[in-house]
Amino acid sequence: MELEEFLNKIGKKIKKLRKEQGLTQENLDEGDNAVPVRTLQDIEAGKANVTIESLLKISKHLKVKPKDLIDV
């Protein structure tokens, strides 16, 4: 699997989990584990090389383990 495909799959998985929980991108830009909306948009679109820090913050918001986000 190439990097571009991997990033796209991670982004789609994050978006799917977020929507399943009824959360908006703005919801993840709140609190101690805030991920800026623009960053989240890029991650979900597969345009950003997601950092470990962002994965950790997103996983806390979605109440899943970080490995669940990258297990594609």
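Model, not experiment: these values are computed from the prediction. In this chain, residues are counted from 1 in sequence order.
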Which residues share a side chain to side chain donor-acceptor pair (under 3.5 Å) with D29, sequence neighbours left out: none

Within one Ile-Leu-Val-Met-Phe-Trp-Tyr cluster: L28 and L56, side-chain cutoff 4.5 Å: no

Testing the basics here: between R18 and L40, what is the closest heavy-atom pair and its distance to 0.1 Å? CD-CD2, 4.2 Å

Using the rule that Ile, Leu, Val, Met, Phe, Trp and Tyr join whenever any side-chain heavy atoms are under 4.5 Å apart, tell me whether L62 and V72 fall into a single cluster. yes

Can you give each donor-acceptor pair under 3.5 Å made by side-chain atoms of residues 7-17, sequence neighbours left out, with the distance rounded to 0.1 Å?
unit_1	atom_1	unit_2	atom_2	d
N8	ND2	E4	O	3.2
K9	NZ	E5	OE2	3.4
K13	NZ	D68	O	3.0
K13	NZ	D71	O	2.7
K16	NZ	E20	OE2	2.9

Would you find more than 12 non-hydrogen atoms of other residues, nucleotides or ligands less than 6.0 Å from I52 atom CD1? no

Per-pair distances, 0.1 Å, donor-acceptor, side chain in residues 30-39, under 3.5 Å, sequence neighbours excluded:
unit_1	atom_1	unit_2	atom_2	d
R38	NH1	Q41	OE1	2.9
R38	NH2	D42	OD1	3.1

Can you pull the side chain to side chain donor-acceptor pair (under 3.5 Å) pairs that have at least one residue in residues 50-62, sequence neighbours excluded? T51-S54, E53-K57

